[in-house]
Amino acid sequence: MALSDLHVAFPENRTIISDLRPGADGDWLLIAGDVSEIFEDIEWALTTLSKRFETVIWTPGNHELWTHPTDPVQLRGEERYRRLVELCRSLGVATPEDPYRIWAGSGGPVTIAPLFLLYDYTFLPDGAQTKEQGLAVAYETGIVCSDEMLLHPDPYPSREAWCQARIDVTERRLAARDPALPVVFLSHYPLIREPTRILRYPEFAQWCGTTKTSDWHLRYNAVTVVYGHLHIPRVTWQDGVRFVEASVGYPREWQRRAGQPGVARPGLPRQILPVPADEVVVPGGR
(Lines give C-alpha, C1' and ligand atoms only; values in the text may rest on other atoms or scores of the structure.)
Protein backbone atom coordinates (compact mmCIF):
# COMPACT_ATOMS: atom_id res chain seq x y z
CA MET A 1 0.00 0.00 0.00
CA ALA A 2 1.15 3.59 -0.54
CA LEU A 3 0.39 7.14 0.55
CA SER A 4 2.04 10.46 -0.06
CA ASP A 5 1.66 14.08 1.03
CA LEU A 6 0.09 13.34 4.40
CA HIS A 7 0.48 16.96 5.60
CA VAL A 8 -0.48 16.09 9.16
CA ALA A 9 -0.09 19.68 10.36
CA PHE A 10 -3.70 20.02 9.20
CA PRO A 11 -6.03 18.62 11.90
CA GLU A 12 -8.24 16.98 9.26
CA ASN A 13 -5.25 15.10 7.82
CA ARG A 14 -4.00 14.19 11.27
CA THR A 15 -7.34 12.53 11.92
CA ILE A 16 -7.02 10.54 8.67
CA ILE A 17 -3.64 9.18 9.74
CA SER A 18 -4.79 8.59 13.31
CA ASP A 19 -7.62 6.43 11.97
CA LEU A 20 -5.58 4.59 9.33
CA ARG A 21 -5.25 0.82 9.74
CA PRO A 22 -3.80 -1.94 7.53
CA GLY A 23 -6.27 -3.75 5.34
CA ALA A 24 -4.70 -7.10 6.15
CA ASP A 25 -2.00 -8.65 8.31
CA GLY A 26 1.40 -8.25 6.72
CA ASP A 27 0.59 -5.05 4.82
CA TRP A 28 3.51 -2.79 4.02
CA LEU A 29 3.09 0.98 3.68
CA LEU A 30 5.17 3.10 1.30
CA ILE A 31 5.25 6.82 2.15
CA ALA A 32 6.35 9.10 -0.69
CA GLY A 33 7.15 12.17 1.39
CA ASP A 34 5.59 15.38 2.68
CA VAL A 35 4.50 13.91 5.99
CA SER A 36 4.89 17.41 7.46
CA GLU A 37 7.36 20.28 7.70
CA ILE A 38 7.55 20.19 11.51
CA PHE A 39 9.84 17.54 12.99
CA GLU A 40 7.54 16.71 15.89
CA ASP A 41 4.63 16.07 13.51
CA ILE A 42 6.80 13.85 11.31
CA GLU A 43 7.83 11.84 14.36
CA TRP A 44 4.21 11.44 15.48
CA ALA A 45 3.00 10.22 12.07
CA LEU A 46 5.85 7.78 11.45
CA THR A 47 5.62 6.43 14.99
CA THR A 48 1.88 5.89 14.61
CA LEU A 49 2.16 4.12 11.26
CA SER A 50 5.22 2.03 12.12
CA LYS A 51 3.28 0.48 15.00
CA ARG A 52 0.46 -0.61 12.70
CA PHE A 53 2.04 -1.79 9.46
CA GLU A 54 4.45 -4.69 9.22
CA THR A 55 6.95 -2.57 7.28
CA VAL A 56 7.01 1.17 6.58
CA ILE A 57 9.30 2.61 3.90
CA TRP A 58 9.72 6.38 3.66
CA THR A 59 11.37 8.85 1.36
CA PRO A 60 11.39 12.60 2.01
CA GLY A 61 9.40 15.21 0.20
CA ASN A 62 10.33 18.85 0.00
CA HIS A 63 8.29 19.73 3.12
CA GLU A 64 10.32 17.45 5.42
CA LEU A 65 13.45 19.22 4.20
CA TRP A 66 12.17 22.72 4.92
CA THR A 67 13.75 24.64 7.77
CA HIS A 68 10.48 26.18 8.88
CA PRO A 69 10.72 29.18 11.22
CA THR A 70 8.19 27.60 13.63
CA ASP A 71 10.07 24.29 13.90
CA PRO A 72 12.29 23.98 17.00
CA VAL A 73 14.57 21.73 14.90
CA GLN A 74 16.41 24.33 12.82
CA LEU A 75 18.78 21.99 10.98
CA ARG A 76 19.35 22.75 7.30
CA GLY A 77 19.89 20.73 4.15
CA GLU A 78 21.82 17.47 4.37
CA GLU A 79 22.06 17.73 8.16
CA ARG A 80 18.28 17.88 8.47
CA TYR A 81 17.88 14.93 6.11
CA ARG A 82 20.34 12.86 8.17
CA ARG A 83 18.42 13.64 11.34
CA LEU A 84 15.23 12.42 9.65
CA VAL A 85 17.00 9.20 8.64
CA GLU A 86 18.09 8.72 12.26
CA LEU A 87 14.49 9.18 13.40
CA CYS A 88 13.25 6.60 10.90
CA ARG A 89 15.86 4.06 11.90
CA SER A 90 14.93 4.47 15.55
CA LEU A 91 11.37 3.51 14.58
CA GLY A 92 12.32 0.67 12.25
CA VAL A 93 11.22 2.67 9.20
CA ALA A 94 13.31 2.05 6.07
CA THR A 95 14.79 5.02 4.19
CA PRO A 96 16.73 5.72 0.97
CA GLU A 97 19.92 5.14 2.99
CA ASP A 98 19.05 1.59 4.00
CA PRO A 99 19.32 -1.73 2.12
CA TYR A 100 16.47 -2.15 -0.32
CA ARG A 101 13.66 -4.32 1.03
CA ILE A 102 12.27 -7.19 -1.03
CA TRP A 103 8.51 -7.59 -1.16
CA ALA A 104 7.90 -11.34 -1.40
CA GLY A 105 4.12 -11.26 -1.03
CA SER A 106 1.48 -11.33 -3.75
CA GLY A 107 2.81 -9.69 -6.89
CA GLY A 108 6.42 -10.23 -5.81
CA PRO A 109 9.22 -10.73 -5.43
CA VAL A 110 10.17 -7.16 -6.27
CA THR A 111 12.76 -4.71 -4.99
CA ILE A 112 11.30 -1.67 -3.22
CA ALA A 113 13.64 1.23 -3.95
CA PRO A 114 12.97 4.50 -2.10
CA LEU A 115 14.56 7.43 -3.95
CA PHE A 116 15.65 10.78 -2.59
CA LEU A 117 16.51 12.84 -5.67
CA LEU A 118 15.19 16.44 -5.49
CA TYR A 119 14.95 18.50 -8.72
CA ASP A 120 17.20 20.63 -10.92
CA TYR A 121 14.87 23.09 -12.70
CA THR A 122 15.00 21.13 -15.99
CA PHE A 123 11.18 20.83 -16.19
CA LEU A 124 11.17 24.30 -17.72
CA PRO A 125 8.05 26.37 -18.48
CA ASP A 126 7.17 26.86 -22.12
CA GLY A 127 9.43 29.44 -23.73
CA ALA A 128 12.16 29.20 -21.07
CA GLN A 129 15.60 27.90 -22.05
CA THR A 130 17.41 28.22 -18.71
CA LYS A 131 16.74 28.01 -14.98
CA GLU A 132 16.98 31.78 -14.74
CA GLN A 133 14.36 32.25 -17.43
CA GLY A 134 12.11 29.64 -15.84
CA LEU A 135 12.29 31.31 -12.44
CA ALA A 136 11.62 34.70 -14.03
CA VAL A 137 8.40 33.30 -15.51
CA ALA A 138 7.43 31.88 -12.11
CA TYR A 139 8.00 35.15 -10.28
CA GLU A 140 6.14 37.11 -12.96
CA THR A 141 3.09 34.86 -12.60
CA GLY A 142 3.36 34.56 -8.81
CA ILE A 143 3.71 30.76 -8.92
CA VAL A 144 6.83 30.25 -6.78
CA CYS A 145 7.46 27.16 -4.66
CA SER A 146 8.14 27.88 -0.98
CA ASP A 147 11.31 25.80 -1.36
CA GLU A 148 12.95 28.98 -2.64
CA MET A 149 12.72 30.36 0.89
CA LEU A 150 12.69 27.28 3.11
CA LEU A 151 14.60 24.38 1.50
CA HIS A 152 18.30 25.00 2.03
CA PRO A 153 20.83 22.80 0.18
CA ASP A 154 23.67 23.07 2.73
CA PRO A 155 26.48 22.09 2.32
CA TYR A 156 25.82 22.05 -1.43
CA PRO A 157 25.94 25.36 -3.32
CA SER A 158 22.47 24.84 -4.83
CA ARG A 159 19.48 22.50 -4.84
CA GLU A 160 20.42 21.30 -8.31
CA ALA A 161 23.93 20.41 -7.07
CA TRP A 162 22.36 18.44 -4.23
CA CYS A 163 20.07 16.79 -6.79
CA GLN A 164 23.06 15.71 -8.89
CA ALA A 165 24.81 14.27 -5.85
CA ARG A 166 21.68 12.27 -5.01
CA ILE A 167 21.39 11.00 -8.58
CA ASP A 168 25.01 9.84 -8.52
CA VAL A 169 24.71 7.89 -5.27
CA THR A 170 21.34 6.43 -6.25
CA GLU A 171 22.56 5.20 -9.63
CA ARG A 172 25.39 3.36 -7.89
CA ARG A 173 22.96 1.70 -5.49
CA LEU A 174 20.56 0.71 -8.26
CA ALA A 175 23.39 -0.77 -10.29
CA ALA A 176 24.27 -2.98 -7.32
CA ARG A 177 20.74 -4.36 -6.80
CA ASP A 178 19.68 -7.84 -7.88
CA PRO A 179 19.04 -7.32 -11.63
CA ALA A 180 16.77 -10.38 -11.76
CA LEU A 181 14.09 -8.62 -9.71
CA PRO A 182 11.78 -5.90 -11.04
CA VAL A 183 11.57 -2.66 -9.08
CA VAL A 184 8.90 -0.58 -7.40
CA PHE A 185 10.23 2.97 -7.17
CA LEU A 186 9.13 5.16 -4.28
CA SER A 187 9.84 8.82 -5.02
CA HIS A 188 8.33 12.12 -3.97
CA TYR A 189 8.79 13.36 -7.53
CA PRO A 190 7.37 11.56 -10.60
CA LEU A 191 10.71 10.76 -12.38
CA ILE A 192 9.24 11.85 -15.73
CA ARG A 193 7.80 15.17 -16.94
CA GLU A 194 4.50 13.82 -18.31
CA PRO A 195 2.49 13.77 -15.03
CA THR A 196 3.12 17.50 -14.58
CA ARG A 197 1.40 18.38 -17.86
CA ILE A 198 -1.98 18.62 -16.15
CA LEU A 199 -0.86 21.02 -13.41
CA ARG A 200 -3.20 23.97 -13.05
CA TYR A 201 -0.11 26.17 -12.85
CA PRO A 202 2.46 24.73 -15.29
CA GLU A 203 5.19 27.03 -13.95
CA PHE A 204 5.32 24.83 -10.83
CA ALA A 205 6.72 21.89 -12.83
CA GLN A 206 10.31 23.16 -12.45
CA TRP A 207 10.14 22.13 -8.76
CA CYS A 208 8.86 18.64 -9.66
CA GLY A 209 11.84 16.60 -10.82
CA THR A 210 14.68 16.25 -13.27
CA THR A 211 15.01 15.13 -16.89
CA LYS A 212 17.98 12.98 -15.80
CA THR A 213 15.59 10.30 -14.49
CA SER A 214 13.36 10.20 -17.58
CA ASP A 215 14.40 6.64 -18.54
CA TRP A 216 14.82 5.12 -15.08
CA HIS A 217 11.46 3.31 -15.22
CA LEU A 218 12.80 1.45 -18.28
CA ARG A 219 16.49 1.20 -17.41
CA TYR A 220 15.82 -0.40 -14.03
CA ASN A 221 12.85 -2.59 -14.99
CA ALA A 222 10.24 -0.79 -12.92
CA VAL A 223 6.79 -2.33 -12.54
CA THR A 224 5.40 0.69 -10.70
CA VAL A 225 6.57 4.19 -9.84
CA VAL A 226 4.91 5.56 -6.70
CA TYR A 227 5.10 9.33 -6.30
CA GLY A 228 3.30 12.34 -4.84
CA HIS A 229 4.00 16.10 -4.72
CA LEU A 230 1.41 17.01 -7.38
CA HIS A 231 -1.63 16.40 -5.15
CA ILE A 232 -3.40 14.82 -8.14
CA PRO A 233 -4.10 11.20 -7.07
CA ARG A 234 -4.43 8.97 -10.13
CA VAL A 235 -2.91 6.07 -12.06
CA THR A 236 -1.28 6.60 -15.46
CA TRP A 237 0.91 4.47 -17.72
CA GLN A 238 4.13 5.42 -19.48
CA ASP A 239 5.99 2.98 -21.74
CA GLY A 240 3.95 0.16 -20.22
CA VAL A 241 4.97 1.13 -16.65
CA ARG A 242 2.37 2.05 -14.04
CA PHE A 243 2.75 5.45 -12.35
CA VAL A 244 0.74 5.93 -9.15
CA GLU A 245 0.25 9.38 -7.62
CA ALA A 246 -0.74 8.56 -4.02
CA SER A 247 -1.24 11.98 -2.40
CA VAL A 248 -3.65 12.75 0.41
CA GLY A 249 -3.06 16.46 -0.22
CA TYR A 250 -4.46 19.50 1.56
CA PRO A 251 -7.97 19.36 3.09
CA ARG A 252 -9.26 22.00 0.66
CA GLU A 253 -8.23 19.67 -2.18
CA TRP A 254 -9.57 16.33 -0.98
CA GLN A 255 -12.73 17.91 0.41
CA ARG A 256 -13.47 19.30 -3.07
CA ARG A 257 -13.00 15.86 -4.64
CA ALA A 258 -14.99 13.95 -2.01
CA GLY A 259 -18.19 12.46 -3.33
CA GLN A 260 -17.21 12.62 -6.99
CA PRO A 261 -17.83 9.39 -8.96
CA GLY A 262 -14.89 6.99 -8.74
CA VAL A 263 -13.09 9.01 -6.04
CA ALA A 264 -11.98 6.97 -3.04
CA ARG A 265 -12.45 8.32 0.45
CA PRO A 266 -9.68 10.72 1.55
CA GLY A 267 -6.52 9.08 2.82
CA LEU A 268 -7.30 5.60 1.53
CA PRO A 269 -3.93 4.04 0.69
CA ARG A 270 -3.37 2.98 -2.90
CA GLN A 271 -2.78 -0.73 -3.45
CA ILE A 272 0.55 -1.20 -5.21
CA LEU A 273 0.95 -4.98 -5.22
CA PRO A 274 -0.71 -7.08 -6.31
CA VAL A 275 -1.87 -4.73 -9.06
CA PRO A 276 -5.64 -4.28 -8.67
CA ALA A 277 -7.67 -6.09 -11.34
CA ASP A 278 -9.11 -2.85 -12.73
CA GLU A 279 -5.58 -1.52 -13.34
CA VAL A 280 -4.06 -4.54 -15.05
CA VAL A 281 -5.09 -3.57 -18.59
CA VAL A 282 -2.96 -0.67 -19.81
CA PRO A 283 -4.95 2.07 -21.56
CA GLY A 284 -4.06 1.94 -25.22
CA GLY A 285 -3.41 -1.80 -25.10
CA ARG A 286 -0.51 -3.96 -24.01
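Model, not experiment: these values are computed from the prediction.
Within 6.0 Å of CD on Glu54 lie more than 12 heavy atoms contributed by other residues, nucleotides or ligands. When the shell of 6.0 Å around CG of Asp19 is examined, it contains more than 12 heavy atoms from other residues, nucleotides or ligands. Within a 6.0 Å radius of CD in Glu194, more than 12 heavy atoms belonging to other residues, nucleotides or ligands are found. In the displayed structure, Arg200 atom CZ is contacted under 6.0 Å by at most 12 heavy atoms of other residues, nucleotides or ligands.
No continuous path of ILVMFWY side-chain contacts below 4.5 Å connects Leu6 to Phe10, so the two sit in separate hydrophobic clusters. Tracing side-chain contacts under 4.5 Å through hydrophobic residues (I, L, V, M, F, W, Y), one never reaches Ile102 starting from Leu186; they form parts of separate clusters. Hydrophobic cluster membership is shared by Ile198 and Tyr227, with clusters built from Ile, Leu, Val, Met, Phe, Trp and Tyr side chains linked at under 4.5 angstrom. Cluster annotation: Tyr139 is connected to Ile143 through the hydrophobic network of ILVMFWY side chains, with a link wherever side-chain heavy atoms come within less than 4.5 Å. When hydrophobic clusters are built by joining Ile, Leu, Val, Met, Phe, Trp and Tyr residues whose side-chain heavy atoms come closer than 4.5 Å, directly or via intermediates, Phe116 is not grouped with Phe123.
Judged by distance alone, with hydrogens and angles left aside, the side-chain atoms of Arg177 form a donor-acceptor pair with the main-chain N or O of Leu174 at under 3.5 Å. Side chain of Glu64 to main chain of Asp34: a donor-acceptor pair is present (N/O by atom type, distance under 3.5 Å, no hydrogens or angles). Counting only distance, with no hydrogens or angles, the side chain of Asp98 and the backbone of Thr95 share a donor-acceptor pair below 3.5 Å. Side chain of Arg193 to main chain of Leu124: a donor-acceptor pair is present (N/O by atom type, distance under 3.5 Å, no hydrogens or angles). Within the 3.5 Å criterion, the main-chain N or O of Thr70 finds a donor-acceptor partner in the side chain of His68. Panel note: side chain His7, backbone Ser36; no donor-acceptor pair is recorded below 3.5 Å. The backbone N or O of Val183 lies less than 3.5 Å from no partner atom in the side chain of Thr111, so there is not a single donor-acceptor pair. Asp239 contributes no side-chain N or O that, together with a main-chain N or O of Val241, makes up a donor-acceptor pair within less than 3.5 Å. At least one donor-acceptor pair closer than 3.5 Å links the side chain of Asp71 to the backbone N or O of Phe39. Between the side chain of Asp5 and the backbone N or O of Val248, no donor-acceptor pair lies under 3.5 Å.
Residues His188 and Pro60 fail the side-chain proximity criterion, which asks for heavy atoms closer than 4.5 Å. Contact check for Tyr121 versus Glu132: no side-chain heavy atoms found under the 4.5 Å cut-off. Side-chain contact between Leu91 and Val56 is absent, with no heavy-atom pair separated by less than 4.5 Å. The side-chain heavy atoms of Thr67 and Leu75, taken from C-beta on, include no pair separated by under 4.5 Å. At least one side-chain heavy atom of Arg270 sits under 4.5 Å from a side-chain heavy atom of Val235. Side chains of Leu46 and Cys88 form a contact here, defined as non-hydrogen atoms less than 4.5 Å apart. Residues Leu20 and Thr48 are not in side-chain contact: their nearest non-hydrogen atoms beyond the backbone lie 4.5 Å or more apart. When side chains are defined from C-beta on, Pro202 does not count as touching Asp126, because their heavy atoms never get closer than 4.5 Å.
Going from atom OG1 of Thr47 over to atom CG of Leu87 covers 6.5 Å, rounded to the nearest 0.5 Å. Rounding to the nearest 0.5 angstrom, the gap separating the CG atom in Asn13 from the OG atom in Ser18 is 12.0 Å. Put simply, CZ on Arg76 and CG on Leu151 are 10.0 Å apart, with the number rounded to the nearest 0.5 Å. Between the CD1 atom of Ile232 and the CG atom of Leu199 there is a distance of 5.0 Å, given to the nearest 0.5 Å. Annotation: the span from His217 atom NE2 to Ser187 atom OG amounts to 13.0 Å, rounded to 0.5 Å. Atom-to-atom distance recorded for Glu43:CD and Leu84:CG is 10.5 Å, nearest 0.5 angstrom.
In terms of heavy-atom proximity, Val225 sits nearest to Ala222 at CG2-CB, 4.4 Å. Summarising the geometry of Leu230 relative to Cys208, their closest heavy-atom pair is CD2-SG, 3.7 Å, with the distance given to 0.1 Å. Residue Leu65 comes nearest to Arg80 through the heavy atom pair O-CD, 3.7 Å, listed as atom of the first residue, atom of the second, then distance. Smallest separation of non-hydrogen atoms from Gln271 and Met1: CA-SD, 3.7 Å. In plain terms, the two heavy atoms of Leu115 and Pro96 that are nearest each other are C-CG, 4.3 Å. Taking each heavy atom of Thr211 and Thr122 in turn, the nearest pair found is N-OG1, 3.0 Å.
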| said: I'd like to know whether Gln206 forms a side-chain contact (heavy atoms from CB on, under 4.5 Å) with Tyr119, so could you lay out the CA-CA distance, the side-chain angles of the two residues, the decisive distance to 0.1 Å, and finally the verdict. | reply: CA-CA 8 Å; Gln206 56 198 305; Tyr119 51 84; over 6 Å; no
| message | Quick one, Glu171 with Arg219, criterion side-chain contact (heavy atoms from CB on, under 4.5 Å). Give me CA distance, side-chain angles, the key distance, then yes/no. | response | CA-CA 11 Å; Glu171 286 184 324; Arg219 195 196 322 174; 3.3 Å; yes
| said: Using side-chain contact (heavy atoms from CB on, under 4.5 Å), reason through Tyr81 and Arg166 one step at a time and then give a plain yes or no. | reply: CA-CA 12 Å; Tyr81 171 60; Arg166 292 302 313 178; 3.9 Å; yes
| Worked verdict on Trp207 versus Asn62 for side-chain contact (heavy atoms from CB on, under 4.5 Å) | CA-CA 9 Å; Trp207 290 281; Asn62 54 315; over 6 Å; no
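Between Lys212 and Glu160, none of the side-chain N atoms (NZ, or NE/NH1/NH2) sits under 4.0 Å from a carboxylate O, so this pair counts as no salt bridge. Using a 4.0 Å cut-off between charged side-chain N and carboxylate O, Glu78 and Arg82 make a salt bridge. Here Arg252 does not pair with Glu12 in a salt bridge; the nearest charged N to carboxylate O distance is not below 4.0 Å.
In summary, of the residues considered (Trp254, Tyr201, Tyr250, Phe204), a ring pair (Phe, Tyr, Trp, His ring centres under 6.0 Å) with His231 occurs for Tyr250 alone. Screening Trp103, Phe53, Trp58 for a ring pair (Phe, Tyr, Trp, His ring centres under 6.0 Å) with Trp28, the sole residue that qualifies is Trp103.
A donor atom on one side chain and an acceptor atom on the other are found under 3.5 Å apart for Glu245 and Ser247. In the model, Thr170 has no side-chain atom that pairs as donor or acceptor with a side-chain atom of Arg173 under 3.5 Å.
Taking the six-membered ring for Trp and thresholds of 30 and 60 degrees, Trp216 and Phe185 have ring planes inclined between 30 and 60 degrees apart.
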